[in-house]
Participant: 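Sharing a structure with you now.
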Protein chains: 2
Amino acid sequence: MKQTFNMELFFQALADQTRLRLLNLMGDKEICVCYFVEILDQLQPKISRHLAYLRRAGIVEPRRDGKWMHYRILMPQHAGAAIILQQTLASLKDERVMQSDTKKLLKACCSPAKFNGLQGAPIPLTAACCERG
Amino acid sequence: MKQTFNMELFFQALADQTRLRLLNLMGDKEICVCYFVEILDQLQPKISRHLAYLRRAGIVEPRRDGKWMHYRILMPQHAGAAIILQQTLASLKDERVMQSDTKKLLKACCSPAKFNGLQGAPIPLTAACCERG
DNA sequence: CAAATATAGTCGTCTTAGCAAATATGTATG
DNA sequence: CATACATATTTGCTAAGACGACTATATTTG
């Protein structure tokens, strides 16, 4: 089907804790880079670099919105890869770190102003949380 | 569920072409190391190393049989990982290299004597191929 | 210009290939 | 039964390459 799909590269992209945390946070919604930085509590260039790896592997897609960049998961054309990615996302939800991240994201969406790095940051479009304070 | 399961390590183990080829050859049967060496046409220590990586990740299990070591895939306890591994194996079958390897393995099972490195090598137990020549 | 994000450069660390040596088993020999 | 040797496989070791962290700098947009 896909001539250019590379299983090895695909797994390489998934074989990193930081990238798994990013994917878990995205889930099925679009997230702004600034949220990743805030929630993972890691330096911005590091987040950016890992997002670049995911981009290169074709797993995520960026969208520019003014100053902000939003990322969302791009389900692979390759049927097998799509199943693997979905199963991975499902499995991640069982892990403590991932649950903690998800909870933190919800909080941040509710009141971005309370987080240093999120002054005036855009609220994730599909976030099912309370309105901005 | 499993405290010791590590998704990152699991994907790292899968993120290598040589290891994917080994897994594809094993499929659901037990294979002797000497077949891997012959079919991948790579140096034996290299094969051994990659088998060690797979062992460390708990993906394969060795069995000694006299001089020969046989390896087989060990389905992970972790339900998600098992699904991912099964889907991976299924997807590999669509790739040319993997199909070629599988075909070569079948040939080697039919007449091991014709391969330099397989003089007197054991035939994979569950190999559904013709008798040894 | 300021803010958000991406990229480049440098460094330390991890992974891998390749070779040599070690280990484990089997067989032959005394 | 002990020894020596052959075969199959694993494991140290070292150099090369890839990767991640960190800092500084560049790019894009308001």
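Quick note on labels: first sequence line is chain A, next is B, and so on, each numbered from 1.
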Participant: Identify each donor-acceptor pair in which a side-chain atom of residues 42-53 of chain B lies under 3.5 Å from a protein atom, sequence neighbours left out, and give them as a table.
Facilitator:
| residue | atom | partner | partner atom | Å |
| --- | --- | --- | --- | --- |
| B:Gln42 | OE1 | B:Lys46 | NZ | 2.9 |
| B:His50 | ND1 | B:Arg19 | NH1 | 3.1 |

Participant: When you check the phosphate oxygens OP1 and OP2 of C:dA17, does a side-chain N or O of B:His50 lie under 4.0 Å from one of them?
Facilitator: yes

Participant: Starting from C1' on D:dT9, measure out to CG on B:Leu22 and report it in whole angstrom.
Facilitator: 14 Å

Participant: Check the pair A:Leu89 / A:Ile73 against side chain to side chain contact (heavy atoms under 4.5 Å, CB included), numbers first and verdict last.
Facilitator: CA-CA 11 Å; A:Leu89 291 170; A:Ile73 292 178; 3.8 Å; yes

Participant: Give me the distances for all protein-to-nucleotides 5-11 of chain C N/O pairs that come in under 3.5 Å?
Facilitator:
| residue | atom | partner | partner atom | Å |
| --- | --- | --- | --- | --- |
| C:dT5 | OP1 | A:Met69 | N | 3.4 |
| C:dT5 | OP2 | A:Cys34 | N | 3.4 |
| C:dA6 | OP1 | A:Tyr71 | OH | 2.6 |
| C:dA6 | OP2 | A:Ser48 | OG | 2.9 |
| C:dA6 | O5' | A:Ser48 | OG | 3.4 |
| C:dA6 | N7 | A:Gln44 | NE2 | 3.1 |

Participant: D:dG20 P sits how many Å from A:Leu54 CG, rounded?
Facilitator: 10 Å

Participant: Map A:Asp65 and A:Leu43 onto DNA chain D by nearest heavy atom, then report which one ends up closer to the 5' terminus.
Facilitator: A:Leu43

Participant: Kindly write out the residues that satisfy side-chain hydrogen bond (donor to acceptor under 3.5 Å, both in side chains) with A:Arg56, not counting sequence neighbours, or none if the list is empty.
Facilitator: none

Participant: Among residues 12-19 of chain B, which ones have heavy-atom contacts with DNA chain C below 4.0 Å?
Facilitator: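 Residues of residues 12-19 of chain B under 4.0 Å from DNA chain C: B:Arg19.
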
Participant: Distance check needed: C:dT15 C1' versus B:Phe11 CZ, whole Å only.
Facilitator: 19 Å

Participant: Identify whether any heavy atom of B:Tyr53 sits under 4.0 Å from a base atom; if not, whether one sits that close to sugar-phosphate; answer base, sugar-phosphate or nothing.
Facilitator: base

Participant: Tell me: CZ of B:Arg63 to C1' of D:dA8, nearest whole Å?
Facilitator: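 Rounding to the nearest Å, CZ of B:Arg63 and C1' of D:dA8 are 15 Å apart.
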
Participant: Checking base pairs now: Watson-Crick or wobble, both atom distances under 3.5 Å. What partners D:dG30?
Facilitator: C:dC1

Participant: Just so I know, are the side chains of A:Lys29 and A:Leu105 near enough to count as touching, which here means a heavy-atom distance under 4.5 Å?
Facilitator: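 Result yes, sub-4.5 Å side-chain heavy-atom pair found.
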
Participant: Quick one: side-chain hydrogen bond (donor to acceptor under 3.5 Å, both in side chains) partners of B:Ser91, sequence neighbours excluded?
Facilitator: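 Residues passing side-chain hydrogen bond (donor to acceptor under 3.5 Å, both in side chains) with B:Ser91: B:Gln87.
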
Participant: Going by the rule side-chain hydrogen bond (donor to acceptor under 3.5 Å, both in side chains), which residues pair with A:Thr102 if we only count those two or more places apart in sequence or in a different chain?
Facilitator: A:Asn24

Participant: Between B:Glu8 (CD) and D:dC19 (C1'), how many Å, whole number?
Facilitator: 12 Å

Participant: Under the ring-ring contact (aromatic ring centres under 6.0 Å, His included) rule, what pairs show up with a residue in residues 7-30 of chain B, not counting sequence neighbours?
Facilitator: A:Phe11-B:Phe11, B:Phe5-B:Phe10

Participant: For residues 87-103 of chain B, which residue pairs qualify under salt bridge (Lys or Arg N to Asp or Glu O under 4.0 Å), counting only residues two or more places apart or in two chains?
Facilitator: B:Arg21-B:Asp101

Participant: Quick one: salt bridge (Lys or Arg N to Asp or Glu O under 4.0 Å) pairs with a partner in residues 67-87 of chain A, sequence neighbours left out?
Facilitator: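 Every salt bridge (Lys or Arg N to Asp or Glu O under 4.0 Å) pair that includes a residue of residues 67-87 of chain A, provided the two are not neighbours, is A:Glu61-A:Arg72.
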
